[in-house]
Amino acid sequence: MQEQVLPAELNEYQRKAVFNDSSACLVNANVGSGKTTVLTAKVKYLHEACGVNCEDMVVLTFTNKAAGEIRERLGAMRDQGELVQMRYFGTFHSVALQLLRERLPVQQLGYTPDFLVMDPEEELDMALHLIQDRKLQIKYRNRLKKRLEQEDEEAVPSENGREKLPSPPGRRIQDDMPVLLQAMKEEKRARNRMTFADLIRNTEALLAEVEWRPAWVIIDEVQDCDAWQLALVRRLLDKGARLFAVGDPNQVIYSWRGSACNVFYTLRTEYQATELSLPVNYRSSASILEAASVFSQYGSSLTGNRERGSKIVVKKHYDPFQEACYLADRIKGLQDSGISPGQIAVFYRLQNQSGVLEEVFAKEGIPFQVSVKHTLRDCPVQYWLLQVLRFSLSREDYPAGIYALSHKEYGERRNGKPITEKTAAAVLHGEKDLKLPLYERMLAFPECCPSLDSPQALYDYFSLDGYLHPTSASFQKDKERILAMLESLFRQQPSEGENLPDRLRSFLNDAVLYGLPEQETKEEDGRVKLMTLHASKGLEFSFCFIIGVNYGLIPLRTAGFEEEDEERRLFFVGMTRAKDFLELSYYTNPDNRVMPGESRFIRMIPPELIQEETADPAQENLQELRKMVRQEIEARQSRAEETLEADLPELPKEPSQPQPAGKEIIQPRTVIHRKYGPGTVIREDDAMMEIEFEGYGAKEFLKAFSAMEFVEE
DNA sequence: CTTGGCGTGATTTTT
DNA sequence: TCACGCCAAG
């Protein structure tokens, strides 16, 4: 009878997890093993078979995207209505907000329940203003954001009463940072605002003050928990809530920003959690899975259920530009054979690697989409209007008022010039009485609210047409965005007794937590996705290209062994995004301070799973020779400058034919290699030499270890 | 106010 | 490995 409420396609491991009735259960979910399916089934099982109320389940994710996915799947599974009414379902932050607003005594911390959430940029602004106003001495001002975050992490609560060692005072920078932190705390209270970190911390702190507890805590991607989130979860568990958590220790790629890498261990030991695993991967072909498993450290039981598939292609390119050109060609080829660009993804280690690809793809007419983080401030009009609304809600919100009035583009103007922040501040404090229509409207907003019942009404109320400059080129676009934004404000159905200010408040909070509706939704599906390896987590594509697999880039050049583990997991995550086809590529002549030649990671993959290819050997050799000539010329020039002596041999004539030019410059030396046979040295420095072998192409050797003999001419 | 010695971080990013 | 910022000496 239990089975009736579940989809038939659950495998035995998934069933075991769903039906497990221990009070704490950790599911070690391997890549592509159906973790979301299990989580969804568990929620449904608890609700429909075990009769747990939706309100008694706290379901936590880390990203809005994950929350959306689960919500969608729950929606698809349920046949009756109320499952969608889960009040405490969403990201840690959104659930914390919900709890703080309706269950927790925020007054105890000096807040009222209608507090607003601050985004990180605003937090930084607040800090900067405080520094200025109070003349605080803060070092490393450009790194202030980082320092604020760091302080947050250091203040992590002690676990289970065990005192946390105070960090040694010697290392700490001596400045007004403690004063600033205290001032921030007070300022946030005075302005009734909480940062992202505050949402979690305050929830954690206040949970102890109330009777309420959920029956179940269900966590997705539990390996991404940071110390504060873990503390919050502990609070719930210590009150008697039961735990069901799903995650994968092989996908810990965010430990650098605080994810407590041993959550599994912690929860297992502290709550005697039952550990189960989901070993069957449904996503990748056997070859891909086998190659990837070299980079997984836990859960050797990873098995696949798919056919062998094609080998992993390893490709050598001259440099990132050549590679981009090749990729453009390759993608065109795939498109011609009927594969949608939306099924193709290119992953790289660093954001700045996308530049070349963007240029080349744009020129070649390949539809692509780069995934970049966006903040509320990316769209100035929208951000400006948010500030207008904020100040309208509370005339005490000076930062918002000043921003709204003194904005260079959309703010108030006097004598054709935008008013200064100083002027705006003076107006807000009643020290100046300029007749600023926007200011008047914002002040009158609370009384006028009842008559404002549509997006257009709000738009007209603030006479936004005037502020958006009807003559400007961006007017139409700006107006569309603003109206779309106001529409989404009115679209959210008001809960009972909610008036416009209440709805506005939750709208502002939602904008910070979930972002605003994007305007550009032009067929995202039909485009090649370009993203960092980090951003690829949680996604899957039929064709994946991981580029720049050079030592120094993947793994990224850093000191320390612990970090390299994470680089390995990152590579693992990237590889396991591929369903059918995976290609890795590296450069012989990378741009910056990356080492030439393939990464050690490539050599770790069993050779029988790999098919090695060089994109275009002829072109590569040509490039190689050109570069050699250039280097030699540069070297001679600098030597000439140093010595000022003219007895150096003449530079070769214009190298119209690179072949003879190369021979003239470098003494041809011949070597015999054990494996490759006779070859010619084409480049050499203190430690390395590059040798051209007939039939094998150019190879690089470390002088100290090369197995070869020199042949005297 | 300038200079050199020293120490540290760089890269990845969600809410 | 490099670049940047701090800090103390001149």
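Lettering follows sequence order; numbering is per chain, from 1. Values below: all heavy atoms of this structure, side chains included; hydrogens, waters and symmetry mates excluded.
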Taking for each residue the nucleotide of DNA chain B with the nearest heavy atom, is it Asn352(A) or Leu513(A) whose nucleotide lies nearer the 5' end? Asn352(A)
Proximal nucleotide (of dT12(B), dC7(C), dG5(C)) relative to the Lys139(A) side chain: dC7(C)
Whole angstrom is fine here: how far is it from CG in Leu148(A) over to P in dT13(B)? 21 Å
In this structure, how many angstroms lie between the P atom of dT13(B) and the CZ atom of Arg569(A), rounded? 17 Å
If we count only N and O atoms by modelled type, under 3.5 Å, do the side chains of Glu221(A) and Gln223(A) hold a donor and an acceptor together? yes
Testing dT11(B), dT15(B), dA10(B) for proximity to the side chain of Lys146(A), the answer is dA10(B)
Just N and O in the side chain of Thr532(A): are any of them under 4.0 Å from OP1 or OP2 of dT13(B)? yes
Is Arg349(A) side chain donor-acceptor paired with the dT12(B) base, going by distance under 3.5 Å alone? yes
Minimum side-chain heavy-atom gap Ile546(A)-Leu582(A) below 4.5 Å: yes
Taking the side chain of Leu556(A) as heavy atoms from C-beta outward, which of dT11(B), dT13(B), dT15(B) is closest to it? dT11(B)
How long is the line joining CG of Asp224(A) and P of dT14(B), in whole Å? 12 Å
Side chain of His534(A) - closest among dT13(B), dT15(B), dC6(C): dT13(B)
Output, in order, the C-alpha distance, side-chain angles, deciding distance and verdict of side chain to side chain contact (heavy atoms under 4.5 Å, CB included) for His317(A) and Asn589(A). CA-CA 8 Å; His317(A) 296 287; Asn589(A) 289 269; over 6 Å; no
Nearest-angstrom distance from the residue atom CZ of Arg141(A) to P of dC4(C): 19 Å
With a cut-off of less than 4.0 Å, is there a side-chain N or O of Gln353(A) near OP1 or OP2 of dT11(B)? no
Contact class for Asn64(A) vs. all strands (heavy atom < 4.0 Å): base, sugar-phosphate, or nothing? sugar-phosphate
Between Val117(A) and Met194(A), is any pair of side-chain heavy atoms under 4.5 Å apart? no
Does either side chain, that of Arg390(A) or that of Gln387(A), offer a donor lying less than 3.5 Å from an acceptor on the other one? yes
Would you indicate what Asn142(A) reaches in the nucleic acid, counting non-hydrogen atoms under 4.0 angstrom: base, sugar-phosphate, or nothing? sugar-phosphate
Kindly point out which of dT12(B), dC6(C), dT13(B) is positioned nearest to the side chain of Lys373(A)? dT13(B)
Residue pair Arg143(A)/Ile253(A) against DNA chain B: nearer the 5' end by closest nucleotide is Arg143(A)
Looking only at atom P, what distance separates dT13(B) and dC2(C), rounded to whole Å? 26 Å
Would you indicate what Tyr254(A) reaches in the nucleic acid, counting non-hydrogen atoms under 4.0 angstrom: base, sugar-phosphate, or nothing? sugar-phosphate
Listed nucleotide nearest any side-chain atom of Thr63(A), set dT15(B), dC7(C), dT12(B): dT15(B)
